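Below: one structure, written as structure tokens.
As the structure is a computational prediction, the values presented were derived from the model and not from experiment. Keep in mind that the numbers below use all heavy atoms, side chains included, and drop hydrogens, waters and symmetry copies. Just so you know, ligand 1 is whichever comes first in the structure, and atom 1 is the first atom listed for that ligand.
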Amino acid sequence: MTATIHIGPTALQELPELLKNRAFSKVAVLVDENTLAHCYPTLKPYLPEHELIQIQSGEEQKTLQTCEYIWQRMTELNLDRWSVLVNLGGGVIGDMGGFCAAVFKRGIFFVQVPTTLLAQVDASVGGKTGIDFHGLKNHIGVYQEPQAVFINPDFLKTLPQRELKSGYAEIIKHWLISDKDAFIEQRHIGLFTDDWEGLIRHSVSIKSGVVEADPLEGGLRKILNFGHTVGHAVESYLLEKPDRKLLHGEAVAVGMLCEAWISKNHKLLPAEDLDKIETFLVSVYEKVSLSEQDIQDIAQLALQDKKNTRSSINCTLLEGIGKAVYDQPITVQEIVESLRYYTLL
Ligand SMILES: NC(=O)c1ccc[n+]([C@@H]2O[C@H](COP(=O)([O-])OP(=O)(O)OC[C@H]3O[C@@H](n4cnc5c(N)ncnc54)[C@H](O)[C@@H]3O)[C@@H](O)[C@H]2O)c1
Ligand SMILES: O=C(O)C(=O)C[C@@H](O)[C@H](O)[C@H](O)COP(=O)(O)O
Ligand SMILES: [Zn+2]
């Protein structure tokens with residue numbers, strides 16, 4: 001069953017009732033240094049007595065080593081099976097906190113309070129939790145729904161512009177896979193909107209609809225992975241190169257361009273649609289420079305994608321703006337060519 005999602009500047013007002021009704025034995029809040037400084041003061045008035053678990057921010061922290069630290073703190077704090085972990089942060093806190101809670105003592109409760117645009121429109125919804133392993137994205141994880149999700153768009157006021165743009169990539173993805181009108185009409189307003197709540201509600205409704213139809217990604221849910229076959233490979237590759245690291249959404253933007261190009265190559269996406277996607281994404285995201293060696297290495301990483309079966313790379317492609325098709329076999333060589341296309345844009 002999918003979790004209840006509360007959206008709006010007063011969303012957190014619903015939290016005390018949930019905590020009281022479920023009579024959790026202990027409440028712990030997972031934060032990083034940024035969410036402790038910028039978001040915890042807003043959350044605190046809605047919490048009963050609680051403990052804090054603090055980790056360092058960043059994708060590099062989304063590892064088994066950090067999980068060990070979190071489990072150690074949960075143990076020291078004597079969290080039992082009726083405790084709840086409140087994950088206050090972006091997708092890293094949400095994915096890793098959700099995973100730690102889902103397997104601690106075979107599962108305690110958790111609540112998502114997403115504080116980045118990316119986590120509000122995507123990561124907090126749908127129950128995918130997990131961590132990176134040896135640089136491979138979300139390689140270890142479980143599906144586990146939180147007790148509830150509380151999305152307060154006011155948290156975005158302190159979010160750096162680069163992080164906002166990263167989250168915007170997942171909004172664009174939602175438009176590209178299922179809402180042509182939104183892509184055509186809203187793309188130029190996007191980042192300059194004064195209605196974040198409206199954008200968040202729209203994205204959450206697209207994602208929730210897909211997840212409800214196919215929670216465990218047997219089929220349809222794979223459309224939410226558009227841009228991620230190549231995007232995750234690019235993100236994993238550059239994560240190992242400290243001064244070239246990309247944010248998740250920035251890598252997904254590269255991935256969407258490459259996979260849109262592959263869609264056209266497969267005669268699924270009309271040239272004029274590729275043109276529109278290209279013009280728009282290039283206007284929002286800085287080009288990432290990639291050498292021929294980078295391209296060859298990135299393409300190999302796509303062989304680890306979770307949608308693959310046997311040796312087939314199964315990609316989600318576009319049949320047009322607003323319509324995605326999943327399980328489309330592609331080759332390493334096509335990924336190489338798509339990345340070459342990207343470098344020439
Ligand atoms: N589970 C899913 O369905 C899903 C979906 C999309 C992405 N993800 C994962 O999400 C992760 C990316 O999440 P992200 O983009 O939120 O990055 P993130 O969690 O690293 O947060 C980005 C940065 O913003 C800071 N921050 C958070 N909230 C803030 C605020 N309100 N004000 C100021 N600073 C703030 C954080 O401390 C961090 O430095 C990736 O690991 C990706 O794989 C998961
Ligand atoms: O929720 C989903 O399903 C998605 O694919 C959403 C993606 O934006 C997200 O990055 C997800 O974590 C990727 O899942 P993965 O199974 O490819 O790790
Ligand atoms: Zn994503």
Side-chain angles (χ1 to χ4, degrees), residues 30-43 54-63 87-99 112-133 136-146 149 152-174 177 203 206-208 210-211 214-217 220-229 231-233 235-236 239 245-253 255-256 302 304-308 316 326:
L30 181 65
V31 292
D32 62 32
E33 71 283 4
N34 297 317
T35 62
L36 179 65
H38 300 299
C39 310
Y40 178 65
T42 304
L43 173 69
Q54 187 180 340
I55 59 169
Q56 271 177 49
S57 64
E59 185 71 30
E60 313 78 350
Q61 308 298 325
K62 197 178 160 185
T63 60
N87 296 318
L88 180 67
V92 169
I93 288 267
D95 279 16
M96 186 160 47
F99 174 64
Q112 302 291 40
V113 185
T115 62
T116 62
L117 181 61
L118 186 139
Q120 296 192 341
V121 300
D122 191 350
S124 64
V125 179
K128 274 191 182 180
T129 74
I131 53 166
D132 304 337
F133 182 70
L136 296 169
K137 288 284 305 174
N138 310 329
H139 207 57
I140 309 289
V142 295
Y143 288 96
Q144 184 66 57
E145 280 287 343
V149 184
N152 180 355
D154 288 346
F155 282 131
L156 303 182
K157 288 177 184 159
T158 56
L159 195 67
Q161 182 74 4
R162 186 173 171 196
E163 297 290 347
L164 264 184
K165 267 197 198 182
S166 173
Y168 187 45
E170 301 281 22
I171 294 180
I172 298 168
K173 176 195 77 181
H174 288 145
I177 61 172
S203 255
I206 291 173
K207 180 158 185 186
S208 300
V210 173
V211 169
D214 177 23
L216 301 182
E217 203 172 294
L220 181 71
R221 185 170 179 160
K222 294 174 196 174
I223 66 172
L224 297 174
N225 225 256
F226 173 63
H228 286 65
T229 301
H232 270 167
E235 188 183 358
S236 286
L239 197 57
K245 219 190 86 176
L246 288 185
L247 300 180
H248 177 72
E250 293 169 340
V252 170
M256 289 194 289
Q304 288 293 339
D305 190 272
K306 291 183 276 317
K307 300 184 299 307
N308 297 352
T316 294
Y326 56 87

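- Distance CD1/I223 to CG/N225: 10.5 Å, rounded to 0.5 Å.
- The closest heavy-atom contact to atom 38 (C) of ligand 1, among the options I131, N34, V252, comes from N34.
- Looking at T35 against ligand 1, only its side chain comes within 4.0 Å, counting heavy atoms.
- Judged purely by atom type and a 3.5 angstrom limit, D95 has no side-chain atom pairing as donor or acceptor with the backbone of T129.
- Close contacts of ligand 1 with K137, meaning ligand atoms under 4.0 Å from a residue heavy atom, involve 40 (C), 41 (O), 42 (C), 43 (O).
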>> Would Y326 and I177 count as a side-chain contact (heavy atoms from CB on, under 4.5 Å) here? Give the steps.
In response: CA-CA 11 Å; Y326 56 87; I177 61 172; over 6 Å; no
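- Here the side chain of Q112 pairs no donor or acceptor atom with the backbone of V149 at under 3.5 angstrom.
- The residue among E163, Q120, R162, E33 with a heavy atom at the shortest distance from atom 23 (C) of ligand 1 is E163.
- Put simply, D122 stays out of reach of the Zn ion (ligand 3), with no N, O or S atom under 2.8 Å from it.
- With L159, L88, D95 as candidates, the residue nearest to atom 44 (C) of ligand 1 on a non-hydrogen basis is D95.
- A distance-only check finds no donor-acceptor pair linking the side chain of N87 to the backbone of L30 [under 3.5 Å].
- Taking 4.0 Å as the cut-off, K207 counts as a neighbour of ligand 1 on heavy-atom distance.
- Of the N and O atoms on the side chains of N138 and K306, not one donor lies less than 3.5 Å from an acceptor on the other residue.
- Expressed to the nearest 10°, the angle at the Zn ion (ligand 3) joining NE2 in H248 with OE2 in E170 is 90°.
- In this structure, ligand 2 sits under 4.0 Å from heavy atoms belonging to D122, K128, N138, E170, K173, K207, E217, R221, L224, N225, H228, H232, H248, K306.
- Residue K62 has at least one heavy-atom neighbour below 4.0 Å for each of these atoms of ligand 1: 9 (C), 40 (C), 41 (O), 42 (C), 43 (O).
- Using a non-hydrogen distance threshold of 4.0 Å, D32 registers as a contact of ligand 1.
- L43 contributes atom CG, which lies 11.0 Å from atom CG of L36 (distance to the nearest 0.5 angstrom).
- Looking at heavy atoms from C-beta onward, Q61 lies out of side-chain contact with D32 at the 4.5 angstrom threshold.
- Residue contacts with ligand 1, taken as heavy atom pairs separated by less than 4.0 Å, involve T158 via backbone and side-chain atoms alike.
- To the nearest 0.5 Å, the span separating OG on S166 from CG on L159 amounts to 9.0 Å.
- For the 3.5 Å distance criterion, the side chains of E170 and H248 qualify, holding a donor opposite an acceptor.
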